[in-house]
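A short worksheet on the structure shown next.
All figures in this text were calculated on a predicted structure; none of them were measured in a lab. Heavy atoms only: backbone and side chains are in, while hydrogens, waters and symmetry mates are out.
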Amino acid sequence: MHSITALVASLILPIASSCCSKQDKIEKRVDELLSQMTLEEKIGIIHAQSKFSSRGVPRLGIPDLWTDDGPHGVRPETLWDAWSSALQSNDSCTVYPSLTCLAATWDRDLAELYGSSVGAEARYRKKAVLLGPGVNIMRTPLCGRNFEYMGEDPYLSGEIAAPYVRGVQSNGVAACVKHYCLNNQEFKRHNVNVNVDDRTLYEIYLPAFEKAVKEGGAWSIMGSYNLYNEQHCCHNEITINKILKGEWGFDGALISDWGGVHNTDEAIHNGVDLEFGTGTNGVDINTKNNYDKYYLALPYYNKIKSGEVGEDELNEKCRRVLRLMLRTSMDGKYYFGSMNSPEHSADARKIADGGIVLLKNEGGVLPICSESTGKIVVLGENAIKPMAVGGSSSSLKARYEISFLDGIKAAFPNAEVVYERAYQGEPTIEGYNYSHYDITDPRTPEQLLSDAIEAVKDADHVIFIGGLNKAVKMDCEGADRLQYGLPYGQDEIIDTLATLRKDLIFINVSGSPVAMPWIGKVPAVLQAWYLGSETGNAMADVLTGSVNPSGKLPFTFPVRYEDCPIKTEAQYPGIAPENPKGIWEEVYSEGVFVGYRWYEANEIKPLFAFGHGLSYTSFEYGKISLSSKKMHKSITVSVPVTNTGKTAGAEVVQLYVSDRESSVVRPVKELKGFGKVYLEPGEKKVVKMTITPRDLSFFDSASHSWVAEKGEFEILVGAASDDIRCREVIYL
């Protein structure tokens, strides 16, 4: 692996040389400030003084450090000691699409745009740290926070996370990549101990974090609630000290998740630098004014004063916190930021446009001509339901939010747009005391369906907008989903409507895959995600064809939940505790076979494969061209792609690697490259992707290293994991 090290060193050396002057100044200033701080002041800056801030040192010009929730927008201000809204009138924000939508763009440039845009809003609000992005792997479709993450594949997650981080930090605001690590469920998240082998840890659950640190340059990382190796991940010797700060050389601050610290001794020695939320469960339980009782507050201070521990660990924590401040609020360069600007609205819409996935389009049902003069019937609660609120920590106070229904009405000015609810889910919506919506419908479920059936009989187009929402036990922090099927009886309603209307269009709103037992009856299906402030406009763009859909799935849609790799209670939700500490035990016995790796290894046909996404045009792939057939430092893979249709559009070219013969069991193939190319009708461009020995490697636990074995590897290039268009063989 020395060749990889040399290659990386040669690439980063010029960058390091150009910025060492600034870094030297930061380190010098850290030394100066630290030498002047008292013990009380040092203790004061490493734990919270309010829900979202830690104390500064006014006499030395060190400001308070202010954090705020992300990653989809800047959360409104809360009270000092409570989660309730501060009821300010100037803290509404632009709401950006969920990170599953961003991942579905497969677009590094859009990821950086997303980060820079939301980072500017955070800077305008004078935040030093934006708590995001989330990069935990989707291990089960039921995880409540899947919508906040970037799907099932570590390579894709890392490639989208790194530019997002760079974009945020271009505003002098630290991204705080979360939740490090193995936080793959919400059920019992505070006390589930994850048992996972080293190979699986390094190949599946760490790469996105590693890329965010090494390529994104993240200035802060948030620890997770769960345990690994019987230690909580906010103060974990292996994951933080050994891997994050040791192997990866992370020099930023490790921030605890809110309420994630449990022990003073472990917190002192095992890597957490900033403690937040102790005395709460991270969501709604508060012990007022307990900040001095934090594990890294008076208990730590008293241990130092008594001589039980020294100040070396404290000084290291302070260095990291001061370094974080000097990179953000004490940078010396004034970043104005901006909030709710027309440019940010355009950014949100562009990202949403790029992430919407056309899952199915039989018979050319889509697009619908914007000049249509007929009757368009829009069905489903999600057509009118505000989605910025809900989701717990990702709940936002939107400056505005254009509903699906309003967007469709605006897009078809000459048509008669009729709305029927069809089903009722959550009649009221509340978000941290700053907003309340009552969308109660007095009709019975039977009457709602009857009225919907009557409305569609003479319609020219029928659009059903359903799926999940951000209510508890849907897509929401703090609880997992209870079922894989759609809630509120939607499956039966869709089946009934599809029998009546052979041209039914279904728009699924969710951050996770869902069952679609009626899929054979519905000709057109779109995956819409939570699209943010510009929801209705973005969906109208795709429905009318003014934007050609180019999103690709960042995770697999299994046909049934039973097809998933989770087969036993020990795998999920874990085994209930028989120990006095109340710790649940969970075993990741599926190993590296997560997502498409599982379905391919077990020859299980999914409903929609990882990487799947259709277009209103067609693309033809040419023959693969290789810079070399023998791997040394790297190989460039070139593939010509031609738009063979009549509509301009974008294609995501995906590169997978398959090890033809290995000493260990490996997936059938693994994503190791992709490129998104925009083409006019008839236009051809060459997409180039680079692979290195690391991309051919597996993690060997015995030697604790990445190993690429000699032999043949197959390069597979296609439009989805199940749609390979061309292939070649290389040799190591």
Side-chain angles (χ1 to χ4, degrees), residues 1-11 106 108 153-159 162 199 202-204 207 210-211 214-215 552 592-597 599-601 609-611 619-642 651-677 684-700 703 705-732:
M1 305 308 293
H2 296 294
S3 60
I4 299 176
T5 304
L7 173 62
V8 173
S10 68
L11 292 174
W106 292 61
R108 300 173 181 88
D153 185 75
Y155 179 84
L156 175 62
S157 297
E159 288 294 302
R199 180 186 169 198
Y202 275 83
E203 289 191 24
I204 303 296
E210 182 181 10
K211 196 159 286 188
K214 292 183 175 180
E215 297 182 18
K552 301 276 189 173
V592 299
F593 293 96
V594 175
Y596 67 92
R597 292 165 169 81
Y599 300 105
E600 292 183 345
F610 173 78
F619 300 97
E620 183 179 278
Y621 286 56
K623 187 178 180 181
I624 292 175
S625 175
L626 302 172
S627 61
S628 172
K629 295 202 74 169
K630 293 186 177 180
M631 174 65 76
H632 296 292
K633 290 184 177 181
S634 66
I635 291 176
T636 299
V637 180
S638 301
V639 181
V641 181
T642 305
E651 172 70 327
V652 177
V653 179
Q654 303 163 37
L655 185 156
Y656 297 84
V657 172
S658 177
D659 190 348
R660 286 190 162 187
E661 185 176 352
S662 175
S663 63
V664 299
V665 177
R666 301 190 68 176
V668 175
K669 59 178 177 290
E670 298 176 277
L671 181 72
K672 295 299 178 182
F674 64 86
K676 194 165 190 175
V677 60
K684 179 169 72 172
K685 290 182 180 178
V686 176
V687 177
K688 295 185 177 182
M689 298 162 284
T690 300
I691 56 172
T692 68
R694 170 71 180 261
D695 297 319
L696 310 182
S697 304
F698 63 88
F699 188 81
D700 179 59
S703 64
S705 64
W706 289 93
V707 174
E709 296 178 326
K710 294 179 180 180
E712 292 184 352
F713 293 82
E714 193 168 22
I715 305 300
L716 306 103
V717 175
S721 60
D722 68 344
D723 184 9
I724 300 303
R725 305 288 183 87
C726 47
R727 58 187 72 207
E728 263 290 358
V729 174
I730 63 171
Y731 304 89
L732 180 65

Worksheet item: What's the spacing between Glu661 CD and Glu712 CD if we round to 0.5 Å?
Response: 9.0 Å
Fill in: Minimum side-chain heavy-atom gap Val665-Phe593 below 4.5 Å
yes
Practice prompt. Mark yes or no for whether Arg666, through its side chain, and Ser697, through its backbone, hold a donor-acceptor pair below 3.5 Å.
Written response: yes
Worksheet item: Checking Ser627 side chain against Thr636 main chain: does a donor-acceptor pair fall under 3.5 Å?
Response: yes
Fill in: Ser721 to Glu600 - nearest heavy-atom pair and separation
O-OE2, 3.4 Å
Worksheet item: Within a reach of under 6.0 Å around NZ of Lys684, are more than 12 heavy atoms found that belong to other residues, nucleotides or ligands?
Response: no
Worksheet item: Can you tell if the side chain of Tyr731 reaches within under 4.5 Å of the side chain of Met631, non-hydrogen atoms only?
Response: no
Discussion item. Could you measure the distance from the CG atom of Leu626 to the NZ atom of Lys629? Nearest 0.5 Å is fine.
Written reply: 6.5 Å
Fill in: Closest heavy-atom pair and its distance - Gly675, Met689
N-SD, 4.1 Å
Practice prompt. Kindly give the heavy-atom pair with the smallest separation between Tyr621 and Val652, and that separation in Å.
Written response: OH-O, 3.7 Å
Worksheet item: Counting distance only, does the side-chain N/O of Lys676 pair as donor-acceptor with the main-chain N or O of Glu651 below 3.5 Å?
Response: no
Discussion item. Let me confirm one number: the CD1-NZ distance from Ile730 to Lys630, rounded to the nearest 0.5 Å.
Written reply: 12.5 Å
Worksheet entry | Criterion side-chain contact (heavy atoms from CB on, under 4.5 Å) on Phe674 and Val653, from CA distance to verdict | CA-CA 5 Å; Phe674 64 86; Val653 179; over 6 Å; no
Worksheet item: Would Tyr656 and Glu714 count as having a side-chain donor-acceptor pair, cut-off 3.5 Å?
Response: no
Fill in: Min side-chain heavy-atom separation Glu215-Glu210 under 4.5 Å
no
Discussion item. Hydrogens and angles aside, do Asp153 and Tyr596 bring a side-chain donor and acceptor to less than 3.5 Å of each other?
Written reply: yes
Discussion item. For Val664, is there any backbone N or O sitting under 3.5 Å from a side-chain donor or acceptor partner on Ser662?
Written reply: yes
Practice prompt. Measure the spacing between NZ of Lys623 and SG of Cys726 and express it to the nearest 0.5 Å.
Written response: 10.5 Å
Discussion item. Run the side-chain contact (heavy atoms from CB on, under 4.5 Å) test on Val729 and Ile715 for me, step by step, so that the C-alpha distance in whole Å, both residues' side-chain angles and the decisive distance to 0.1 Å come before the verdict.
Written reply: CA-CA 6 Å; Val729 174; Ile715 305 300; over 6 Å; no
Item to complete: Decide yes or no for Tyr599 and Asp722: does some side-chain heavy atom of the first lie under 4.5 Å from some side-chain heavy atom of the second?
Response: no
Worksheet, complete the sentence: Taking every heavy atom of Ile204 against every heavy atom of Pro154, the minimum-distance pair comes out as O-CB, 3.4 Å
Fill in: OG1-CD distance between Thr642 and Glu620, expressed to the nearest 0.5 angstrom
6.0 Å
Worksheet item: Is Gln654 reaching over with its side chain to a backbone N or O of Gly718, donor-acceptor style, under 3.5 angstrom?
Response: no
Worksheet item: Do Glu709 side-chain atoms and Ser663 backbone N/O form a donor-acceptor pair below 3.5 Å?
Response: yes
Worksheet item: Does Leu671 reach the side chain of Leu156, with side-chain heavy atoms less than 4.5 Å apart?
Response: yes
Worksheet item: How far does CG of Leu696 sit from CD of Glu670, to the nearest 0.5 angstrom?
Response: 10.0 Å
Worksheet item: Ring centres of Tyr155 and Trp106 under 6.0 Å apart?
Response: no
Practice prompt. Sequence neighbours left out, what passes ring-ring contact (aromatic ring centres under 6.0 Å, His included) with Phe699? Give chain and number order.
Written response: Tyr202, His704, Trp706
Practice prompt. Tell me, with the steps shown, if Val707 and Phe698 meet side-chain contact (heavy atoms from CB on, under 4.5 Å).
Written response: CA-CA 5 Å; Val707 174; Phe698 63 88; 4.1 Å; yes
Fill in: Smallest separation among heavy atoms of Val639 and Gly622, with atom names
CG1-O, 4.1 Å
Practice prompt. State, with a plain yes or no, whether a side-chain heavy atom of Leu655 is found less than 4.5 Å away from one of Leu716.
Written response: no
Item to complete: Please answer whether the main-chain N or O of Ile635 pairs with a side-chain N or O of Ser628 as donor and acceptor at a distance below 3.5 Å.
Response: no
Discussion item. For Lys552 versus Ala719, what's the shortest heavy-atom pair and its separation?
Written reply: NZ-O, 3.0 Å
